[in-house]
Amino acid sequence: MRKISDLLDDYQEDTIQMTGKTPLSPDRIKQLTMGKIQAPKRRHLALSKIAAIAAAVSLLTVTAAAAEYVWGVKDWFGPAFNSRVNQIRESYERNDVDIQVPENLDQGQLDILESMGQVKNETITSNGASITLQAVCSDEYVMHLYFQVEAPEGVVLPDGPSYSFQEPVRGGFYSPRRSRQITVADHKSLGMTDMRLQVQPDADPTDNKKTFILTLYRVPNGNAGSAKFNDSVKKTLNINGLFAYERDDYKFQTDTLEQTFFQGDFDFDITNAVESKRVDMDVKGLTFEYPVRKRVDGKKQLETELMAVTVESLRIGPLSAEWVGDGMAYLEIYMKDGTKAHSDGGRAMDKDGKWHETRIFYIPIDIGQIDYVVIGGVHKIYPNQ
Amino acid sequence: MKEERILGLLRRKEPQALEMVIDQYTAYVSCVVWNILQGSMTPADAEEVVCDVFLALWNQAEQVQSGRLKAWLAAVARNQARHKLRQLGKDLKLEEDFLELSEDGLEGNLIAQEERQAVRQAVEDLGEPDREIFLRHYYYIQPIEEISREMGINLSTVKSKLRRGRQKLKTMLQEGGTV
């Protein structure tokens, strides 16, 4: 007895159009697969070749649409943002939170990414390590950078550590390991800046390669007339190496160095002059009360007090929102499809005592699809008001 | 972009080339995998199988001949999905998967190359639409109800054409001195 299905094991078949529907997600498959491969280090050379080949082939073949394919900003960042979306969804499901989370970035969001960034494709080698900046995208307040890192031979970059591009610099008061790393030309300033480094899924946690998304954000801190992340003012990011710091969920920041993987000097031009897109919400003068925990009359225990907050301004871009007021506020942005723009952020007080807070969206939003914003838990604001 | 170019880029480990292949063939590979698994795994697990197919291409691109990419993906998808199914202790859901062939002549007389050739000849000789029906069922493991629906042929005709295909294959293997 022979099985027919076995007899066909070596059959070569490609003539039948199998188009039946399946419940499998093409986006997840793509994300999963691309997340498991490791790109080679000389990407900048390869990409230029691809562009040349694509251009040449387009003249020779009728498959023009495929020939025009160029690896774009959305191709670098799309899978990373999708991965973030899935993390949010899983977190909500675990905690039984009833808030809609989009399946993946839709085409509109991918197009936004494409319009807000550029492929940089620059590799710098120092002390046997190489770092490639593949792409950037930014709005006024937030910039995402896609990096591929290859440590010197024999250095393993494992999964798990809390990675940082920032070398330990002693003597700082607030955050000793945060050295100034962004240089802005023409004596301009970005205000206060901070950064986060997110490691991407890795096919081989025992090799010397890792992919990271670095997110820079700025809190203008009253210096609004200065540089932005999407203007033409030249900005240089200096990376001093790759380090791991002790992870401590209870500290806001930690300065305990766990491991130095390599050190070097990597200066990247991160200038990304693209068109600004933002919605300025009409919120000036809105007031609400915000609960804050503070010591009352010198008592040892903290008590909750309501603090009156007046809002000065609220600007929303595709990657971030920035609001100014004389206190803290809780900001919720709802989209027309019923989903919510998830964000976190940082804030700083300017010399006049006003707070400036930058919220970083977990995934880009289409500002034309904002339905309404709830500020302070009480005011519901529509974009066209 | 021409397939030859894409394969060249894949051999040089250019991720863009893999993405192009994924964009073009995910629906096809997913369909092959899902037909074989037929609900034995969750969609999320099946996505992992599809992912493995593309990773196999990434790692073995030098084995793929230009012009044969789709066939190679189909064969790998089929093998990967069948392997998963075997691991789960399940079998393919097929209409009479067995051919009654004498085992006596197989050893010694039949070498793999001859058998492959005989199978190919038998399938090609079926003519259309019998060949397509036969391959849809025994190669892509598509249920006969779906074949009937997609090809617009009534169920009993599909069954009779499969029966004819089985007989043809048996005859070809026997005439070819393989049994």
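Order of the sequence lines fixes the chain letters, A, B, ..., with proteins taken first and strands second; residue numbering starts at 1 for each chain.
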I need the Gln31(A) CD to Cys51(B) SG distance, nearest 0.5 Å. 10.5 Å
Verify side chain to side chain donor-acceptor pair (under 3.5 Å) between Glu13(A) and Tyr140(B), making sure each step is shown before the conclusion. CA-CA 10 Å; Glu13(A) 153 44 41; Tyr140(B) 291 109; 2.8 Å; yes
Whether over 12 other heavy atoms sit under 6.0 Å from Gln65(B) CD: no
Shortest non-hydrogen contact from Gln17(A) toward Arg136(B): O-NH2, 3.5 Å
With side chains defined as the heavy atoms from C-beta onward, is the minimum distance between Glu19(B) and Thr33(A) less than 4.5 Å? no
Start with the C-alpha distance between Ile29(A) and Phe54(B), add both sets of side-chain angles, then the distance that settles side-chain contact (heavy atoms from CB on, under 4.5 Å), and finish with yes or no. CA-CA 9 Å; Ile29(A) 289 166; Phe54(B) 290 121; 4.2 Å; yes
Who pairs with Glu124(B) by side-chain hydrogen bond (donor to acceptor under 3.5 Å, both in side chains), at least two apart in sequence or on another chain? Tyr11(A), Arg120(B)
Using non-hydrogen atoms and a 4.5 Å limit, figure out which bit of Asn35(B) sits close to chain A: side chain, backbone, both or neither. side chain
Taking side chain as C-beta onward, heavy atoms only, is Arg78(B) less than 4.5 Å from Leu8(A)? yes
Shortest non-hydrogen contact between Trp34(B) and Leu24(A), atoms and distance: CE3-CD1, 3.5 Å
Quick check on Gln24(B) against chain A: is it the side chain, the backbone, both or neither that has a heavy atom closer than 4.5 Å? neither
Check the surroundings of atom NZ in Lys120(A): do more than 12 heavy atoms from other residues, nucleotides or ligands lie under 6.0 Å from it? yes
If I compare all heavy atoms of Ile16(A) with all of Lys70(B), which pair ends up nearest, and what's the gap? O-NZ, 3.6 Å
Test side-chain contact (heavy atoms from CB on, under 4.5 Å) on Thr26(B) and Lys30(A) and set out the steps. CA-CA 8 Å; Thr26(B) 293; Lys30(A) 187 173 179 178; 5.8 Å; no
Select one option (side chain, backbone, both, neither) describing which atoms of Ala46(B) are under 4.5 Å from chain A's heavy atoms. both
Would you mind reporting whether Asp75(A) and Gln16(B) have side-chain heavy atoms less than 4.5 Å apart? no
From CG (Asp27(A)) to CD (Glu47(B)), nearest 0.5 Å: 10.0 Å
